[in-house]
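Computed from heavy atoms alone, side chains included, the values below leave out hydrogens, waters and symmetry copies. Letters A, B, ... mirror the listed sequences (proteins, then strands); counts begin at 1.
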Amino acid sequence: MGEKYSKVTLLEAVNLAMKRAMREDDNVIVLGEDVGANGGVFRATLGLREEFGFKRVLDTPLAETMIGGLSVGMAAQGLKPVAEIQFLGFIYAAMEHLVSHAARLRNRTRGRLSCPMVIRSPMGAGIRAPEHHGEAVEAMFAHIPGVRVVIPSSPARAYGLLLAAIDDPDPVIFLEPTRLYRMNPQPLEDHGQRLPLDTCFTLREGSDLTLISWGASVHESLQAAAQLEEHGVSVEVIDVACVSPIDMDTLEASVRKTGRCVIVHEAPRSCAVGAEIATSLYERLWLDLQAPIQRVTAPDIPPPLFRMEQHYLPQVADILQACDDALNYA
Amino acid sequence: MGEKYSKVTLLEAVNLAMKRAMREDDNVIVLGEDVGANGGVFRATLGLREEFGFKRVLDTPLAETMIGGLSVGMAAQGLKPVAEIQFLGFIYAAMEHLVSHAARLRNRTRGRLSCPMVIRSPMGAGIRAPEHHGEAVEAMFAHIPGVRVVIPSSPARAYGLLLAAIDDPDPVIFLEPTRLYRMNPQPLEDHGQRLPLDTCFTLREGSDLTLISWGASVHESLQAAAQLEEHGVSVEVIDVACVSPIDMDTLEASVRKTGRCVIVHEAPRSCAVGAEIATSLYERLWLDLQAPIQRVTAPDIPPPLFRMEQHYLPQVADILQACDDALNYA
Amino acid sequence: MPLTIKVPYTRYLAPDGQLQSSLPAWADDPDLLCRLYKQMRLTRLFDQKAIALQRTGRIGTYASTLGQEAIGVVIGELMHGDDVLVPYYRDTAAQLRRGVKMEEILLYWGGDERGCAFVDPAVAQDFPPCVPIATQALHACGVASAFKIRGEHRVAVTTCGDGATSKGDFLEALNVAGAWQLPVVFVVNNNQWAISVPRKLQCAAPTLAQKAAGAGIAGEQVDGNDVFAVYDRLQEALERARRGKGPTLLECMSYRLSDHTTADDASRYRGEDEVKQAWAEEPLKRLQNFLVEHRLWDEQREQDWLAEAQKRVQAAVEAYETSVPQQPGDALDYVYAQWPAAKADQRAMWLERVSRGNGEG
Amino acid sequence: MPLTIKVPYTRYLAPDGQLQSSLPAWADDPDLLCRLYKQMRLTRLFDQKAIALQRTGRIGTYASTLGQEAIGVVIGELMHGDDVLVPYYRDTAAQLRRGVKMEEILLYWGGDERGCAFVDPAVAQDFPPCVPIATQALHACGVASAFKIRGEHRVAVTTCGDGATSKGDFLEALNVAGAWQLPVVFVVNNNQWAISVPRKLQCAAPTLAQKAAGAGIAGEQVDGNDVFAVYDRLQEALERARRGKGPTLLECMSYRLSDHTTADDASRYRGEDEVKQAWAEEPLKRLQNFLVEHRLWDEQREQDWLAEAQKRVQAAVEAYETSVPQQPGDALDYVYAQWPAAKADQRAMWLERVSRGNGEG
Ligand SMILES: Cc1ncc(C[n+]2csc(CCOP(=O)(O)OP(=O)(O)O)c2C)c(N)n1
Ligand SMILES: Cc1ncc(C[n+]2csc(CCOP(=O)(O)OP(=O)(O)O)c2C)c(N)n1
Ligand SMILES: [Mg+2]
Ligand SMILES: [Mg+2]
């Protein structure tokens, strides 16, 4: 039994998960820019330095390639590094280490070495932040065999999934929607229970249409579902949560039931995770779909500066329009 | 009228295109590792140093981040850099400059500055090369708004598309299938004619099924089509060539006609370009498809060392199997 | 058998405004000195206004340049019109002096891309502020390569913070600048902090200037709060670069008197004493003391200039706040030279979405 | 006001095998010296065999270590059993001495992942050869961080070429090694060429060792073809690291007598004279001359050892050529600790595809 909190934000849940993991296992260490004295620019690592000291909470020099490479070396030695990339827009310099090393060390050595590391990073737009602070490029990582890509959309899922990610024997890219960091605090018990890294979460059951989403867009999806309910439309809402590998069985079962599907994500449309899910659903449900799958996404443009970001992000109205199209498809 | 050659490989076509572009426009310069005295590790830049000198054919220090960043700065100044990344597996360090700068400089400055650069890189497996020399990660780039991604699969297309890529006012990632570099030489006239960067190429017309591919897999697709022909099946083969943006109109028209479609690519399956094409086809052709679209791809594993690479790459037999599935779908 | 290294350090003006050594000949120019001072004062006024605008929600996050005005103003003063500035995000001082408009800087931090359109032809080729740390150093090398390839006598000047010197981009840039003897000057604004990471945790070397050694280029330190020192050494670096004699790394020792940005709270990680000490060494007061002592400046001129500066800032704020809204299509129209026909459906989707009226415009 | 720097350089044995200065005490150990020589000879024999196997299509591309045996052999000799080697792709010499099996090295270059499984427990924690240039330097820092965090007295040793010193990874690694005072030693195998790019085009600095200055760590040069010099300086660097006194960058001056790899033709870009000169300075003959002169070695011992070495190499080739084929499932089974249930269909697809009998297995 762990401590019970009545109001925990997603950000605090991330913090609680790291604290617990570090208490449970001395091999868990945290590194990144400003994670120590400052507790992270969002305060996700608040209090870790005080509790676990300089040796386990490491402020790095300013170099993302280095953060990626160091983590690989640490993980190969049996540590469990949890590295923070300050914003997802700054992860690109670490790409070579993620693709060419973290994702491959186990395979390359036939299991002799492995890479149990977690890269945490805030993702997504919607907080009026400066340029490069609003990226949602999970698709790039979801295309890398050998890593897992996890995106929580509630405090409870952030907590349980991050604990599982830290446990996982392979590299996990853990993306935290900044727009949700301080939204909707919820009761949470710090019980240490892990959530599975290979299942979707059905947030709402329904029979007429399946809304599939992940990250911050889950919230607009839930709102859209609530509005449709008022009009007598029963919508199932699923948070994919783990966008690689994807639990297609759960998605398939839902859409088999409803026959209609709308996918909502914040990333630009082309070659995003939505296309993979749609294709896999078509492959599995060719005869059961009642209408083509709709995608509600950002357009294929870089995240605009913040004056335009509300348009860039899928809104409830956009989702409702797509649901309409799916429901009224002749 | 340009010189006529009776036998030109894809590699030589790339070389001819660069030479012509450099003759036509002093702003075109070539840079990269070993592109000068050595003429490139594959010899794509052979003779350029001799003809255009040290100022326009630049051997860089060994640093891909730098190659990406330098190119952005040069391009902003009105040069047209054609940078070589020695193998696609070494491009990751340049990612930040591609995503955050090359793709955005025009947008960021409302058109005041722009980035007319080309990154050329050999891609794909199948030549028994060492680790990291067989990547096919075009999907990562196809997800970046603001760049174009072009993959030629014949000498003529390499020639015409590379010239167009160099002309293009925006950044182009130009990926050359190493497996095709020295395969099937063809007659070519060095006439300087550009090919469009936004259309697919229909290589073979047919009425029963559409085979969609790009890169080296186009060749196995053509072979499969020829074999099916012998069994009385008429297959249309389309080389997508520009995987971002994708000319969906041509693909749609073909599949509307044939009603059946198989997509073949060498990249791992999940979140690859094949998923985007399939989803878009389903969106456009919901009522016209006679069978679910089949994907023939690599599995979601890192490119294996070369003993396994023949299994990793889609083979004619795999394509035939998928065509069978599509044709016999009840 | 240790490696040994010696890095030059230049300072003319002590923190109290007294001369430590006699000034070089170029400094015997009252107009220049007053111009530098006035520009620093104007910059600070604008900077404070920007923070105020952020506090009231009229712009977004802003990175203050408080206490580092000398570096940027001298950069802007010394660069030629056809040189190219490749700045980072804390370069309000240099940008203003180069010709970027105050309202453009506000637009940029206010979330509007037009802030980097730079209407003044004087800055038509300058780069916009760069957010991904240190990447701009390589762009500057690319710009400098273009100058060199075309045989032009122009210089690219790029700036970055102390934290940025740890990132590969910066180090790769020094190396290629040396290998190719590029006409580029790297100005490091060593303000002692990279958000919460102090300079000494960033790097074990006693100076950042010595990173030049590994690239075989010139490197030196100056007191970045002493306009004389910055001017003198930057002038020489620019001339050397312009004459084809190679690049320089100039480490300017300064201090970030502000929070990292308006989104930061520096009191979380640094002590008051340190900041208080730094206020005693800041560049504006230092130069003012010198000018007053040498009767080049007085209270009346100060008041007159403050009034004038105030007016300019106010006019810029008004221009910013009354700027016409962006067109919805703008978000797509500059992604490519021409929006691709293959994505025509996305344009339609976008315009429909905007017309649905989500959020602000 | 130029920055000044001085980098130590160590050499005991001149190219002709004559001593330039008196040897340190540790060198008064005939067994050690003969062991080093024998290992270098064995390495060269194996290296030549590997090239022959490539020429006849029995392995793929191979990167020869011809002429650079002293560096790797000394690394392998001096490292402790529980130290960790984080090598690059031209480290056959160090790997063999550490305990990697010859047949494993052949498997690796022969396109079989089992070549990096390293069955000998002595090398269970060593990294496999690293192909993406300079990335390994950061892995070594991560390994060294683990040692430091756990309070272990172990050292990570990482190697790279001269070209690799231009890449951000290498430079970021030096910096963090200094900032955190990590127990890591960076050995640069400066063989004067990065494929076709000569050392002087790679970097304008007169030495690569001085890149240490920018990171505030120890840096020095040695004659990398002189086992005494490499041994002496590496020993000190390892001890310093082990005692928590910080990292070292050791630049070993050598020469790549071979082509870059078997896929390269060095005659395209470098002159014969240079290579001829380098042959006169190569490490094996140099040490042999010394040993013979000091009556520690003779023709008989040479022949005996050659026969023994030949036998070992031959046995390895046989082991390599008779190794059982990989299982098809191997290609998937190590991607994750457990192949994800969500991708079960892909496993089926893969096994079906392999059973269709495409290509080689
Ligand atoms: C690649 C990258 N990583 C992280 C960040 C987040 N970030 C913004 S400013 C900053 C610190 C920069 O410090 P310094 O270089 O000293 O410049 P200063 O802001 O102090 O002037 C960090 C880590 C970023 N913008 N880019
Ligand atoms: C990131 C990366 N870029 C390019 C290459 C291709 N490449 C392989 S070896 C090499 C030259 C390396 O030279 P150096 O570091 O001097 O090592 P050497 O091979 O001479 O020992 C290059 C460019 C690579 N392997 N990795
Ligand atoms: Mg700073
Ligand atoms: Mg070399």
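Side-chain contact check for Asp112(C) versus Leu305(A): every heavy-atom pair is 4.5 Å or farther apart. Put simply, the side chain of Ile301(A) does not reach to within 4.5 Å of the side chain of Lys343(C), judged on heavy atoms. Using a 4.5 Å cut-off on side-chain heavy atoms (C-beta onward), Arg356(C) and Asp318(A) make contact. Put simply, the side chain of Val335(C) reaches to within 4.5 Å of the side chain of Pro302(A), judged on heavy atoms. Side-chain contact between Ser270(A) and Gln346(C): present, with at least one pair of heavy atoms (C-beta onward) separated by less than 4.5 Å. For the pair Ile133(C)/Glu64(A), no side-chain contact is recorded, criterion being any heavy-atom separation below 4.5 Å from C-beta on.
Residue contact with chain C, scored on non-hydrogen atoms closer than 4.5 Å, involves the side chain of Gln321(A) exclusively. Only the side chain of Trp339(C) comes within contact range of chain A, with heavy atoms under 4.5 Å apart. For Leu107(C), the part sitting under 4.5 Å from any heavy atom of chain A is the side chain, from C-beta outward, and nothing else. Neither the backbone nor the side chain of Arg49(A) comes within contact range of chain C; no heavy atoms are under 4.5 Å apart.
The minimum heavy-atom distance linking Val131(C) with His133(A) is given by the pair CG1-CE1, 3.8 Å. When all heavy atoms of Arg353(C) and Ala298(A) are compared, the closest pair comes out as NH1-CA, 4.1 Å. Across all non-hydrogen atoms, the minimal contact from Pro299(A) to Trp350(C) is CG-CE3, 3.5 Å. Residues Glu131(A) and Tyr108(C) come closest through the heavy atom pair OE1-OH, 2.7 Å. Taking each heavy atom of Tyr269(C) and Ala37(A) in turn, the nearest pair found is CB-CB, 4.2 Å. When all heavy atoms of Asp34(A) and Ala194(C) are compared, the closest pair comes out as OD1-O, 3.5 Å.
Ile195(C) CD1 to Gln86(A) CD: the interatomic distance, rounded to the nearest 0.5 Å, is 4.0 Å. Note that the CD1 atom of Ile59(C) and the CZ atom of Phe306(A) stand 8.0 Å from one another [nearest 0.5 Å]. For the atom pair Asp59(A) CG and Gln202(C) CD, the distance stands at 9.5 Å (nearest 0.5 Å). In this structure, the separation between OG1 on Thr65(A) and CG on Asp169(C) is 7.0 Å, given to the nearest 0.5 Å. To the nearest 0.5 Å, atom CZ of residue Arg43(A) and atom CG of residue Asp265(C) are 7.0 Å apart. Here the CG-CZ distance, from Leu201(C) to Phe54(A), works out to 8.0 Å after rounding to the nearest 0.5 Å.
Comparing Pro328(C), Ala331(C), Gly110(C), Ala134(C) by how many heavy-atom pairs each has under 4.5 Å with chain A, the most go to Gly110(C). With chain A as partner, the option from Gly111(C), Gly115(C), Ala164(C) having the largest number of non-hydrogen pairs under 4.5 angstrom is Gly111(C). Ranked by heavy-atom pairs under 4.5 Å with chain C, the list Gly39(A), Ala93(A), Pro304(A), Pro61(A) is led by Pro61(A).
For Tyr329(A), the OH atom counts as densely surrounded, since its 6.0 Å shell holds more than 12 non-hydrogen atoms of other residues, nucleotides or ligands. Heavy-atom neighbours of Asp273(C) CG from other residues, nucleotides or ligands within 6.0 Å: at or below the threshold of 12.
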Glu113(C)/Arg307(A) under side-chain contact (heavy atoms from CB on, under 4.5 Å): CA gap, chis, key distance, verdict: CA-CA 9 Å; Glu113(C) 278 81 359; Arg307(A) 289 212 190 170; over 6 Å; no

